[in-house]
Amino acid sequence: MTNQAVVVRGSSRPGKAATIGLGMILPASVLILWQTLGHYGIISELLFPTPYTIAESFITLAIAGDLWTNFRISAARALLGFLLGGGLGLLLGIVVGLFRRSEKLLDPSIQMIRMIPSLAVIPLFILWFGIGEESKVLLIAKGAFFPIYINTFMGIRNVDNKLFEVARVLGFSRMKQIIRLVLPAAVPNIMLGVRLSLGLSWLGLVVAELIASSSGIGYMISDARQFADTPVVFVGIIIFAIAGLLSDSVVRLIERRLLRWKDSYQG
Amino acid sequence: MGDAMLAISNLNKRFDTAAGHVQALYNVDLQVQEGEFVTVIGPSGCGKSTLLRIVAGLDSGYTGSVTLEGVQIGGPGIDKGFIFQEHRLFPWLTVEKNIASDLPLGNKEVRQKVDELIELVKLKGFEKSYPRELSGGMAQRVAIARALLRNPKILLLDEPFGALDAFTRAHMQTVLLDIWRTNQTTMIFVTHDIDEAVFLGNRVVILEPRPGKIRNIIPIDLPYPRKKTTTSFQELRLKVLNQFEKVDELELTDGAGI
């Protein structure tokens, strides 16, 4: 009769190794091509140092300890900015999403601030907060704030009204309605916001460090540029790429765990 | 009749739409005794869902009086369990957590009652499954368990088996009658299936549309468990069917049931 669980999942999915291998094809071919072209002098070594030269430079920097120091400083800035901006975005997104009155009060101003480009406020931030950590963290926080804010707000407003009816019939208190219905239902949107915000945090970090800084990966890049030390510029770029990818993977892992209940197309 | 558990008297409900007024319910009078199983049947648009939603406290803006144990119904609450046509489980909660919903599963009393209900609705072994892993019938049984956990005075069911296939539906009817016998919960069951109405109810309330009002109430004094193939069952079924032919409303009207 009906006493059987329906397992929803295809059987012909590629294995983990195959999936990773699939993702490696494109970067690996580019690297090989790049190395070959550089090796035979077809492209300029100064503008496009070969992957081998970049790796050498990476190892030198790593051994000297510069790399690790700069990375730690950068990562701390990005994380702090993300936590500050993202946390505030989540909080305000919830408040504005839940209460129409707070939406009327806050949302127009927030949308206005969103439209101000970060680059335009950098001079002000430097004047107000100096070139110390504050201006950088706040700049990153400004970028990280909006994706979480907007997606949390949207997630809350998209909660199925039919489930609200259930909550009423089951006699949920207002508090339980928020904790047990609104927030779990908004988690898919919130996680999307977290991913976007985290990406923007790394981007904001680069902007902040390139413009006014005396430490961090961004500073390392701008410093190397002045001495035309292109391999180091590439090392910096690669580190940003890897750090961004890793942090995104962590969030996706959390997302998968939180959204196990979702029944959606898996590709 | 004596003191009815649920007393509806002179109930009128009108929907104002852009096209004009729709009289959804017109002078409805109905008493339901404690422990009774009342089925409500009628074509689309006869106001049967509206009637149920008013009793649940989900719809307001009516005139007349609706009292549960002598108290006018204010809003929705756990004393009036409600089963929707769709299961409406929380997709992010497992079966047992859905049943508990806002109550803590860590509480010994809640835990024990949840386990008992899982046994009652025959879902042992699926406590940790998510709604997406359940069939329609199983999900609806979880919804019933969720309502029963709150010890409702009355259980209101709005075409709960309407979306299920015929076999699952027959099985669910038996399960529901088992629950009714075990818990002796008062039930009002809305359906558009004549067999279902006669099979389940102590009384069948027949509504007619435009305006939605009670055409007739037919007592079904067949002992449980009933068999749909017996002649006495078929006679009562015909009696109900005849009511529809009188109003010439057998073919269902288009549009969503109000």
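So that the names make sense, note that chain A is the first sequence line, chain B the second, and so on, each numbered from 1. Scope of the values below: all heavy atoms of this structure, side chains included, with no hydrogens, waters or symmetry mates.
Under the 6.0 Å distance and 45° angle rule, B:Arg146 counts as a cation-pi partner of B:Phe90.
For B:Arg88, the parts lying near chain A are the backbone and the side chain together; criterion is any non-hydrogen pair under 4.5 Å. With a 4.5 angstrom heavy-atom cutoff, B:Leu149 does not touch chain A via any of its atoms. Proximity to chain B involves both the backbone and the side chain of A:Leu181, based on heavy atoms less than 4.5 angstrom apart. Proximity to chain B (any heavy atom under 4.5 Å) is restricted, for A:Lys176, to the side chain, taken from C-beta onward.
Heavy-atom pairs under 4.5 Å with chain A were tallied for B:Leu89, B:Asp102, B:Leu156; the largest tally goes to B:Asp102.
Looking at A:Leu200 and A:Leu196, their side chains never come closer than 4.5 Å, going by heavy atoms from C-beta outward.
Ionic pairing of B:Asp195 and B:Arg169 is not present here: no N-O contact between side-chain nitrogen and carboxylate oxygen is shorter than 4.0 angstrom. Remark: B:Glu96 engages B:Arg111 in a salt bridge, criterion side-chain N to carboxylate O under 4.0 Å.
Close placement of the B:Phe189 and B:Phe161 rings is indicated, their centers lying within 6.0 Å of each other.
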